[in-house]
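Notes for the one structure printed next.
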2 protein chains.
Amino acid sequence: MGTASKRVTINDVARTVGVSRQTVSRALNDKGEIDVGTKQRVLDAARELGYRPSRFARGLVRQDTTTIGLVIPDLLNPFFTEVAAGALEAARARGWHVIVYDTAGSADEERGTLEVVVSQVDAVVGYFSLAEADLDAHLSGMPAVLIGREHQTPRFSSIRVEGAAGVREAVDHLVSKGHREIGMLDHAGRSEPSIRRAWFTDAMNAHGLAADAVGNALQSVDGGTEALTGLLTEHPELTAVFTFNDIIAIGALRAARRLGRVVPDDLAVVGFDGLQLGTVVDPALTSVALDTRRVGALAIEQAGRLLTGSTPLPSEELLVNAVLLVRESA
Amino acid sequence: MGTASKRVTINDVARTVGVSRQTVSRALNDKGEIDVGTKQRVLDAARELGYRPSRFARGLVRQDTTTIGLVIPDLLNPFFTEVAAGALEAARARGWHVIVYDTAGSADEERGTLEVVVSQVDAVVGYFSLAEADLDAHLSGMPAVLIGREHQTPRFSSIRVEGAAGVREAVDHLVSKGHREIGMLDHAGRSEPSIRRAWFTDAMNAHGLAADAVGNALQSVDGGTEALTGLLTEHPELTAVFTFNDIIAIGALRAARRLGRVVPDDLAVVGFDGLQLGTVVDPALTSVALDTRRVGALAIEQAGRLLTGSTPLPSEELLVNAVLLVRESA
DNA sequence: GAGGTGTCCGTGAACGTTCACGGGAGCGTT
DNA sequence: AACGCTCCCGTGAACGTTCACGGACACCTC
């Protein structure tokens, strides 16, 4: 008995019970127009046979199941995890499903992922490194929402982070505590300086301070440690430092301790992102926090709108403001 | 032009090009038996019309796409994230897709999730809190692999963690450094003590030491901080402490610092899990490490075997050994 | 010029489910 | 006795794609 393979279909169930497919369908989907007795018999038989409806056949006839692809560079990076959690939550609230793809930060992997994504989901959301033309070529018209990066063509939507005010808050906070020599650890990835650095420069200038003590850090804890060590040898006068993100800031924290600088008394540290991770280090990280959950949620929301053809959210609403979150490190 | 809705099908493409569906299908799937010229014309038309094949129709006829559900209690917990990353990687290597469900640690959410999972994936893998009978009732025969928990009935498979040797290593390490008064922070969740505590007790007894200085910590950083503070007031003689997991250990690290105990000199701390997170704290956490990636990968592998009907891996191979990972805290 | 060999293309069928419709049985009303 | 209503159930059709065939045409071979 029970040799192997060959899927159990709705017809098999119907046959063993002695009714039609439609009756089985009615029983399984809780529709009316069915006798309670037969319904029970159908349910029992279905269980007995180990019948599970084909999601393909079902999806083909009813158009209601939507699946969204979430593309992130690295699941082990807590920043992306927080965004992912927000996206998952928002999707669940709508009854949607999320397939997660980790591109490992590689452009090739990303291309390969897109190739696959196209045939598996209804819309895609996430962090991409490819140029828009390249993306468009691989996506063949599928709705896509870019996160953490501004879209250039109307082909795409994007969730943007507005941090000028938050960074301004941070600098204000530092200045009000008497800091004048404030440095920054920018990221070392791209060739041009980041927008966050521009925000920092503006905030500093508003106080009549120069923002010229800037180091570059690789996007890792070790990168932050190394970069701050370098920056402090070059600029020993610094009493505070603002970093591109929390990961780098945590590395900076470690460097400070190793150099014998007590945080926040000898050196204040302010990160960016406001990750929960910042609460596990000691002292807890002060940071320009953005609502990562909301980032993920907005992306899902917009993907849904693009999907259903309803009016998409305007650019102004696809914005997440960052605000200063004072903990212990500054 | 371009009113709305109504999906573009393969027939639409065929009609505009003036060929049959089959020819379109050939072009799109890189099959032979097609003229390069027509192939190009088909491809162009498909792009022009924004045609994307229906994954449902395609999945219905070819049985090759497999999707696996990954159920985890909390995506923000780095432990689950690491396992998830391992699962994703293993799935990608096989060309499978992973739908992630976050149950938020609630049993009700878990039931609801299962309800949905059944109709969306081919097999399910993850951390469940429900009893096996309850799970079975919701899964209607779908292959399932339990992680971090031993299966009771042959209906399920499970990935187990073998940590006796690793904990023994940890205690050996501590004893060799002169520690005699070693406490433990168990978790406060379940009613009965954990297996990890039993491992600890055995290891201690092997050295002729008693394992009676045990506190209970909630599974959070704060829980660890609180619990260690309590344990140390009750047992000030302790010079080392082993914790249920790394999260609790990190909390313990913070408590130690606040109490003026220098780690590892005044108090050695050993965690469990070996999370990457342990490297961002200072001092870096020594831990009984398990290969979280492998946990996820094994789960996927076993799910695949159950799915294809090939011989499933025996219990002995579904085992992940934990080994001592010495960093700085002990 | 009959036969053979490629190359390219089209037609029915099938995948497994739900939807729209129709119909019989039973009961009550007029 | 005819009609209507409710309750239950079944039958074709449709969803959009791929698979297994078969066939037209051109070219070459002897």
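Letters A, B, ... are given to chains in the order of the sequence lines, protein chains preceding strands, and every chain is numbered from 1. Keep in mind that what you see is a predicted model, and the values were worked out from it rather than measured.
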Can you check whether B/L275's main-chain N or O pairs, donor with acceptor, with B/D273's side chain at less than 3.5 Å?
no
Using nucleotides 23-26 of chain C, report all nitrogen or oxygen pairs with the protein that are shorter than 3.5 Å.
none

Enter the distance from A/F79:CZ to A/Q219:CD here, rounded to the nearest 0.5 Å.
10.0 Å
Residues passing the ring pair (Phe, Tyr, Trp, His ring centres under 6.0 Å) test with B/F80, sequence neighbours excluded, are B/Y127
Bounded by its outermost nucleotides with an atom under 4.0 Å from a heavy atom of chain A, the footprint on DNA chain D reads D/dC8 to D/dG16
Just to be sure I understand the geometry, which residues of residues 31-44 of chain A put a non-hydrogen atom under 4.0 Å away from DNA chain C?
A/K31
Give me each pair satisfying salt bridge (charged side-chain N to carboxylate O under 4.0 Å, His left out) with a member in residues 134-156 of chain A, each pair once, sequence neighbours excluded.
A/R111-A/D134, A/D136-A/R155, A/E150-A/R160
Would you check if the side chain of B/R47 reaches a backbone N or O of A/G141 as a donor-acceptor pair within less than 3.5 Å?
no
Flag the pair B/R7 and B/D12 as a salt bridge only when some basic side-chain nitrogen lies within less than 4.0 angstrom of an acidic carboxylate oxygen.
no
Sequence neighbours left out, what pairs pass salt bridge (charged side-chain N to carboxylate O under 4.0 Å, His left out) with at least one residue falling in residues 82-91 of chain B?
B/E89-B/R293
Kindly state each residue pair satisfying salt bridge (charged side-chain N to carboxylate O under 4.0 Å, His left out) with at least one member in residues 51-60 of chain B, sequence neighbours excluded.
A/D122-B/R55
Could you go through B/H138 and B/E115, starting from their C-alpha distance and side-chain angles, then the distance that decides it, and tell me whether this counts as side chain to side chain donor-acceptor pair (under 3.5 Å)?
CA-CA 6 Å; B/H138 285 276; B/E115 213 77 46; 3.2 Å; yes
Please confirm whether the backbone N or O of A/L76 pairs with a side-chain atom of B/Q276, one donor and one acceptor, at under 3.5 Å?
no
One would report the end-axis bend of the helix from C/dG1-D/dC30 to C/dT30-D/dA1, five pairs per end and rounded to 10 degrees, as 60°
Within the distance-only criterion (no hydrogens, no angle test), does the side chain of B/S25 pair as donor or acceptor with the backbone N or O of B/R21 below 3.5 angstrom?
no
According to the salt bridge (charged side-chain N to carboxylate O under 4.0 Å, His left out) rule, which pairs have a member within residues 302-313 of chain B, sequence neighbours left out?
B/E301-B/R305
Out of the candidates B/V145, B/I147, B/I159, B/D291, only one should pair with B/L298 under the side-chain contact (heavy atoms from CB on, under 4.5 Å) rule; please name it.
B/I159
Residue-level proximity of residues 13-30 of chain A to DNA chain C when a heavy atom falls under 4.0 Å
A/R21, A/Q22, A/S25, A/N29
Is the number of heavy atoms from other residues, nucleotides or ligands under 6.0 Å of A/E162 CD greater than 12?
yes
Could you work out, with side chain to side chain contact (heavy atoms under 4.5 Å, CB included) as the rule, every residue matching A/T38, not counting sequence neighbours?
A/I34, A/D35, A/R41
Counting N and O atoms only, with roles assigned by atom type, does the side chain of B/T113 sit under 3.5 Å from a partner on the main chain of B/T103, one being a donor and the other an acceptor?
no
Selection: residues 49-58 of chain B, any non-hydrogen atom under 4.0 Å of DNA chain C
none
B/T23 side-chain N/O to B/V19 backbone N/O, donor-acceptor pair under 3.5 Å
no
